[in-house]
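Notes for the one structure printed next.
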Amino acid sequence: MSQEVMWVEKYRPLKLSELLDQGDIVERLNGLLKKPEDMPHLLFAGPPGTGKTTTAICLAKQLMGDIWRNYTLELNASDERGIDVVRERIKTFTMFADRVQGIPFRLIILDEGDEMTSSAQTALRRIMEESSAHSRFIIIANYSSSIIEPIQSRCAIFRFKKIEKADMVKRLEFICKNEDAKYDVAALGLIYELSGGDLRLAINQLQAAAAVGEVSTENVRSISGISRTKEIRELSKLALDGDFKKSHELLTRLMMVYGVPEDDILKYMYAEAMTVADVDKAKLAKIFAEYDLRLVRGAHPDIQLSALLAELPSAKVKEDGSG
Ligand SMILES: Nc1ncnc2c1ncn2[C@@H]1O[C@H](COP(=O)(O)OP(=O)(O)OP(=O)(O)O)[C@@H](O)[C@H]1O
Ligand SMILES: [Mg+2]
């Protein structure tokens, strides 16, 4: 099994028809492909890893065939060099309005459009007007609401959906078979839970788990440690702030869904809580030591950790400075 190739790239759809879960969008785009010269500017909005960039590239290929690269400009709107660079590049690119057989217009794919300030977007709107005779824009963003209204109203809006569980698991299974990676279906389900419908994240997790040896729930749990750290930080914060209900929900999720071992939760929560400014650290140490001991003695982990959440606010330093 080759680990040099990124699976997200290797398994990126090459045609619109290969996209998962974006049926409505594919249908509408196929409609536009029948009469490309009538195609409006497009705005692709939706959560990460659902196929927005892939769709833009598939569309370019299907519009222009093999020479699509010559007539497509891919830009990142979050380019730190700013809108002036973007404007210059678009101007140069659209300057030669050559009519090439089979090329309906030049295409500008502007990714991460929501990274642009509204004044940059206002500039972009003017660029779109200046160059629209022989070019079309595809603007990509996570939220359409972060694109200014005058641009939105010039675009046909396409809303991408999160990838559904059954389709994601099927896709992951297909990749495993193709890569000769050992896997179990429960681990694929866990990857889905962790991904929140983001297929890029899911495929990356899959590859990381396979690289460790096999796609087992144990390996998936251990490689997803980064997101766990973030959630445990959140857990400490909620508990110290006295929000028992929310912290308890999160604890349950960490233990039941992600299967984080209780001693890990205790250890990481301790490390996190000790970095909080307004806590009595001595008191905190005593509380954690007590629960640590109870767990070692074999007390019920979920009951003990729930009690810990309930007790933590008492380690917070009150406004008047008392402990
Ligand atoms: N709908 C989909 N069908 C098949 N594969 C997909 C789909 N969405 C994402 N993927 C996989 O995830 C990878 C990333 O997809 P893509 O770059 O198109 O996501 P995106 O929506 O542009 O995300 P971001 O908002 O983070 O840029 C692709 O290379 C592909 O492997
Ligand atoms: Mg993208």
Side-chain angles (χ1 to χ4, degrees), residues 2 5-75 100-113 135-142 144 155-181 183 185 188 191-192 195-207:
S2 161
V5 190
M6 294 273 294
W7 290 357
V8 270
E9 292 310 329
K10 184 168 174 190
Y11 294 96
R12 189 191 283 278
L14 300 173
K15 287 189 280 209
L16 290 173
S17 59
E18 292 170 11
L19 279 160
L20 290 181
D21 280 1
Q22 313 298 356
D24 295 349
I25 289 175
V26 171
E27 203 174 303
R28 280 173 67 199
L29 292 176
N30 278 332
L32 293 178
L33 278 168
K34 285 185 189 135
K35 252 190 130 196
E37 57 282 7
D38 290 348
M39 193 179 108
H41 300 302
L42 313 178
L43 173 57
F44 290 177
T50 53
K52 300 181 297 299
T53 305
T54 307
T55 302
I57 292 171
C58 288
L59 187 68
K61 282 182 190 158
Q62 283 174 241
L63 272 167
M64 312 184 202
D66 291 341
I67 50 169
W68 69 277
R69 275 181 202 283
N70 299 343
Y71 300 95
T72 303
L73 178 65
E74 288 178 75
L75 284 178
V100 180
Q101 185 71 27
I103 303 295
F105 41 71
R106 284 165 181 257
L107 186 67
I108 296 137
I109 301 175
L110 195 62
D111 220 329
E112 300 191 21
S135 56
R136 293 293 182 279
F137 283 75
I138 300 179
I139 298 170
I140 303 181
N142 286 127
S144 62
C155 295
I157 303 183
F158 292 77
R159 298 186 192 284
F160 285 67
K161 295 183 305 189
K162 292 181 176 177
I163 309 300
E164 305 209 346
K165 180 169 185 178
D167 298 307
M168 186 184 285
V169 169
K170 219 166 110 191
R171 181 75 173 163
L172 298 178
E173 201 164 7
F174 166 80
I175 295 175
C176 286
K177 286 183 176 149
N178 208 45
E179 295 292 333
D180 268 332
Y183 69 95
V185 176
L188 303 185
I191 292 179
Y192 166 80
S195 77
D198 175 340
L199 188 50
R200 178 197 296 108
L201 183 64
I203 296 176
N204 281 334
Q205 300 268 26
L206 184 78
Q207 185 167 15

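In this text, all values refer to a predicted model and were calculated from it rather than measured experimentally. For the numbers below, each heavy atom of this structure counts, side chains included, while hydrogens, waters and symmetry mates do not.
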Would you name the heavy atoms of [X] and [Y] that are closest together and state the gap between them?
X: V26; Y: L16; result: CG2-O, 3.6 Å
X: T72; Y: A60; result: OG1-CB, 3.9 Å
X: E164; Y: D21; result: N-OD2, 2.6 Å
X: P13; Y: C58; result: O-SG, 3.6 Å
X: Y183; Y: C176; result: CD2-CB, 3.4 Å
X: P36; Y: L63; result: CB-CD2, 3.6 Å

For the residue pair [X] and [Y], establish whether any side-chain heavy-atom pair is separated by less than 4.5 Å.
X: W68; Y: Q62; answer: no
X: K61; Y: L14; answer: yes
X: I67; Y: I103; answer: yes
X: P40; Y: L32; answer: yes
X: L43; Y: S144; answer: yes

Candidate pair N142 and E112, rule side chain to side chain contact (heavy atoms under 4.5 Å, CB included), full reasoning: CA-CA 8 Å; N142 286 127; E112 300 191 21; over 6 Å; no
[X] [atom1] to [Y] [atom2] distance, which is reported to the nearest 0.5 Å:
X: T50; Y: L199; atom1: OG1; atom2: CG; answer: 9.0 Å
X: L19; Y: T54; atom1: CG; atom2: OG1; answer: 6.5 Å
X: M168; Y: Y192; atom1: CE; atom2: OH; answer: 6.5 Å
X: L107; Y: F137; atom1: CG; atom2: CZ; answer: 9.5 Å
X: D24; Y: L29; atom1: CG; atom2: CG; answer: 11.0 Å
X: L42; Y: I157; atom1: CG; atom2: CD1; answer: 10.5 Å

Full working for side chain to side chain contact (heavy atoms under 4.5 Å, CB included) between Q207 and I175: CA-CA 9 Å; Q207 185 167 15; I175 295 175; over 6 Å; no
Enclosure of E37 CD (heavy-atom neighbours >12, cutoff 6.0 Å):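 Yes.
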Whether over 12 other heavy atoms sit under 6.0 Å from D66 CG: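 Not buried by this count: 12 neighbours or fewer within 6.0 Å.
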From CA spacing to verdict: side chain to side chain contact (heavy atoms under 4.5 Å, CB included), R200, T53: CA-CA 11 Å; R200 178 197 296 108; T53 305; 5.5 Å; no
Main-chain N/O of G46 paired to K52 side chain as donor or acceptor, under 3.5 Å: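 Between the backbone of G46 and the side chain of K52 there is a qualifying donor-acceptor contact (under 3.5 Å).
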Mutual orientation of the aromatic rings belonging to F44 and F158 [parallel < 30°, tilted 30-60°, perpendicular > 60°]: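 Answer is perpendicular, since the angle exceeds 60°.
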E173 with K170: basic N within carboxylate O range, under 4.0 Å: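 Salt bridge absent between E173 and K170.
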Criterion side chain to side chain contact (heavy atoms under 4.5 Å, CB included) on I109 and L75, from CA distance to verdict: CA-CA 6 Å; I109 301 175; L75 284 178; over 6 Å; no
Residues Y11 and E179: side-chain donor-acceptor under 3.5 angstrom: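 Y11 vs E179: donor-acceptor pair found between side chains.
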